[in-house]
Amino acid sequence: MKAYSELNKEELLALKSQLEAEYQDIKAKGLSLDMSRGKPSVEQLDLAEKMLGIITDNEDVKAENGLDCRNYGAPIGLPEARKLLGDIAGVSADRVILGGNSSLQLMFDTVSRSYSHGVLGSIPWSKLDCVKFLCPVPGYDRHFAVTEYFGVEMINIPMTEDGPDMDLVEKLVSEDPAVKGIWCVPKYSNPQGYVYSDETVRRMASLDPAAEDFRIYWDNAYGIHHLYEEAEKQAQIPDILTECEKAQKPDMVYEFISTSKVSFAGGGISAIISSDANLEQIKEYMSFQTIGNDKLNQLRHVKYFKSLDGVKAHMKKEADILRPKFEAVESILEESLGGLGIGNWTRPLGGYFISFDAMPGCAKEIVVKAKEAGLVLTGAGATYPYGKDPKDSNIRIAPTCPTLSELILAAKVFAVSVKLISAEHLLREM
Ligand code: PMP
């Protein structure tokens, strides 16, 4: 098959009617498929089933230091749970404060605290005329939603396979004191699955911000979510805290992690990881916010996983479920769209998403077309601040939740929708 751009009008018209027939056949099946959100499948959740019943009686509720986890205490988390999450992130336990069930909430709190109380004594952002954040795009919609909610002006930063365009990041951060933060998903980025290069991590840690209260929001949500065993080594990147210390900027980063995509989504444990000075401010804030998070859940995680090795063994089982799903989508995309010049997609070695770039001006229509045939996709534009993809091109594919057979169908519906909309688009432009 030739690239669509090489077809003449008659060829495109013939192709369009053939695709329309194909599309109508699929539509007639009355499918109900969903590739919209990055949720684990039931099969993945079942892997951690034994965690649910791991605390069986009153003898099981004691932490290692004898603390009764049914009662108040340990406001920043059980020491053994802080160690477990520290091991996952590759930092020592004293760098770690545990939150509740959601790392996103810790990110929201961090922005909120900066607005109400400032960052380590600087002017609270609520008193400033303008606060800006750098947003690598395409990126995670909920990051952008947090900063939009607070009225932050968001600036798009193009992503490359090595991470954000660091020339632009360095320029904006060093020139503009209104730039207070950058959203980063350094490993298996949402939605591309890119891993920041060592150089990107080091340049990030060596930033020379105009604002003393500039912070890197290092959301390491997928730090251990490898689809392939070899990927673990390939995806190793320098520890951002260590790099910031080396660059004499120990306070410049907040790292966030959680077990949402390890144990239970929304039923896991989360952590914020940072310098002593930042952690002191966070502790003070938290002391007003809560008397403590759910220690029984922290204890369940420690008893179930036992150690980093336990977590890694569990993640291998997760990968065994996810790998065939990613591969199925990728091979259907390749078979149906390869060489047609109407879309590019990523082939991640980990994480939860595939990023698809359609021909400019087509993403919204593709999402609508797929929906009419019974396939729900993440809304076009969602991967950009304010929901505005300037090229109307990017679509996030979330292959984790459907079963393999549903996913195969879903990928086919998607591919036909892409082909049909691309043909219509080219015909309109003739
Ligand atoms: N960060 C990223 C990059 C994510 O993709 C997600 C979940 N989709 C989260 C954070 C949410 O994590 P949590 O459940 O810990 O709030």
Side-chain angles (χ1 to χ4, degrees), residues 34-41 44-45 48 77 81 84-85 88-89 96-112 133-149 154 157 159 163-164 181-196 216-227 235 237 240 253-273 293-294 297-298 301 311 315 318 322 326 346 348 350-355 377-379 382-385 394 396-401:
D34 192 337
M35 286 207 294
S36 66
R37 297 296 331 170
K39 294 200 289 191
S41 61
Q44 285 173 269
L45 298 169
L84 182 68
L85 289 205
I88 290 174
V96 179
I97 289 183
L98 295 190
N101 67 325
S102 160
S103 60
L104 190 71
Q105 184 173 30
L106 288 170
M107 296 176 226
F108 182 101
D109 283 347
T110 304
V111 173
S112 180
F133 254 63
L134 306 186
C135 300
V137 289
Y140 179 35
D141 55 351
R142 291 187 190 273
H143 284 163
F144 305 151
V146 169
T147 27
E148 184 173 4
Y149 184 68
M154 294 181 278
I157 304 289
M159 273 289 279
I182 179 168
W183 288 116
C184 294
V185 184
K187 231 186 232 192
Y188 304 128
S189 60
N190 178 349
Q192 307 89 338
Y194 292 155
V195 179
Y196 287 14
I216 300 164
Y217 283 60
W218 197 254
D219 179 2
N220 212 350
Y222 300 108
I224 51 168
H225 299 60
H226 316 288
L227 290 169
I237 57 172
I240 187 74
V253 61
Y254 304 115
E255 179 171 355
F256 305 89
I257 61 165
S258 82
T259 65
S260 273
K261 307 289 173 63
V262 178
S263 54
F264 302 122
I269 55 177
S270 67
I272 182 165
I273 297 167
N293 286 302
D294 180 354
N297 203 24
Q298 294 169 17
H301 280 72
V311 175
M315 294 312 285
E318 296 264 343
L322 292 178
F326 277 77
T346 57
Y352 255 57
F353 303 98
I354 293 170
S355 178
L377 293 160
T378 312
T383 51
Y384 281 74
N394 188 252
R396 185 180 78 165
I397 297 177
T400 58
C401 197

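Hydrogens, waters and symmetry mates play no part in the numbers below; they use all other heavy atoms, side chains included. This structure is a prediction, so every number in the text was calculated from the model and none was measured. Each residue takes its place number in the sequence, starting with 1. Counting convention: from 1, in listed order, for ligands and their atoms alike.
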**OP:** If the plane angle is over 60° it's perpendicular, under 30° parallel, otherwise tilted; pick one for Tyr352 and Tyr222.
**Re:** parallel
Subject >> Note, Val185 side chain near His143 side chain (heavy atom, < 4.5 Å) >> reply: yes
Original post:
Does Met159 reach the side chain of Tyr196, with side-chain heavy atoms less than 4.5 Å apart?
Top reply: yes
**OP:** Identify the protein heavy atom lying closest to atom 9 (C) of ligand 1, giving its residue, its atom name and the separation to 0.1 Å.
**Re:** Tyr140 OH, 3.4 Å
Subject >> Under-4.0 Å heavy-atom contact with ligand 1, by part of Arg142 that carries it >> reply: neither
Original post:
Among Ser102, Ala221, Gly99, which one has a heavy atom closest to atom 16 (O) of ligand 1?
Top reply: Ser102
Subject >> Region of Ser270 engaging ligand 1 - heavy atom pairs below 4.0 Å >> reply: neither
**OP:** Could you tell me the separation between the CG atom of Leu134 and the CE atom of Met154, rounded to the nearest 0.5 Å?
**Re:** 12.0 Å
**OP:** Please identify which atoms of ligand 1 are closer than 4.0 Å to at least one heavy atom of Lys261.
**Re:** 7 (C), 8 (N)
Original post:
With a cut-off of 4.0 Å, which atoms of ligand 1 are near a heavy atom of Asn190?
Top reply: 5 (O)
Original post:
Once you round to the nearest 0.5 Å, how far does CZ of Phe133 lie from OH of Tyr217?
Top reply: 4.0 Å
Subject >> Any donor-acceptor N/O pair, Asn297 side chain to Gly267 backbone, under 3.5 Å >> reply: yes
Subject >> Side-chain touch Leu106/Tyr254, heavy atoms, less than 4.5 angstrom >> reply: no
Original post:
N/O of Met107 under 3.5 Å from N/O of ligand 1, yes or no?
Top reply: no
Original post:
What protein heavy atom sits nearest atom 12 (O) of ligand 1, and how far away is it?
Top reply: Ser103 OG, 3.2 Å
Original post:
Heavy atoms, side chains only, cut-off 4.5 Å: are Leu84 and Val311 in contact?
Top reply: yes
**OP:** Show which atoms of ligand 1 fall inside a sub-4.0 Å distance from at least one heavy-atom site of Ser258.
**Re:** 13 (P), 15 (O)
Subject >> Taking atom 3 (C) of ligand 1 as the reference point, the nearest protein heavy atom with its distance >> reply: Asp219 OD2, 3.3 Å
**OP:** Please confirm whether Tyr222 comes under 4.0 Å of ligand 1, counting heavy atoms of the residue only.
**Re:** yes
Original post:
What residue and atom, counting heavy atoms only, is the protein's closest point to atom 14 (O) of ligand 1, and at what distance?
Top reply: Ser260 OG, 2.6 Å
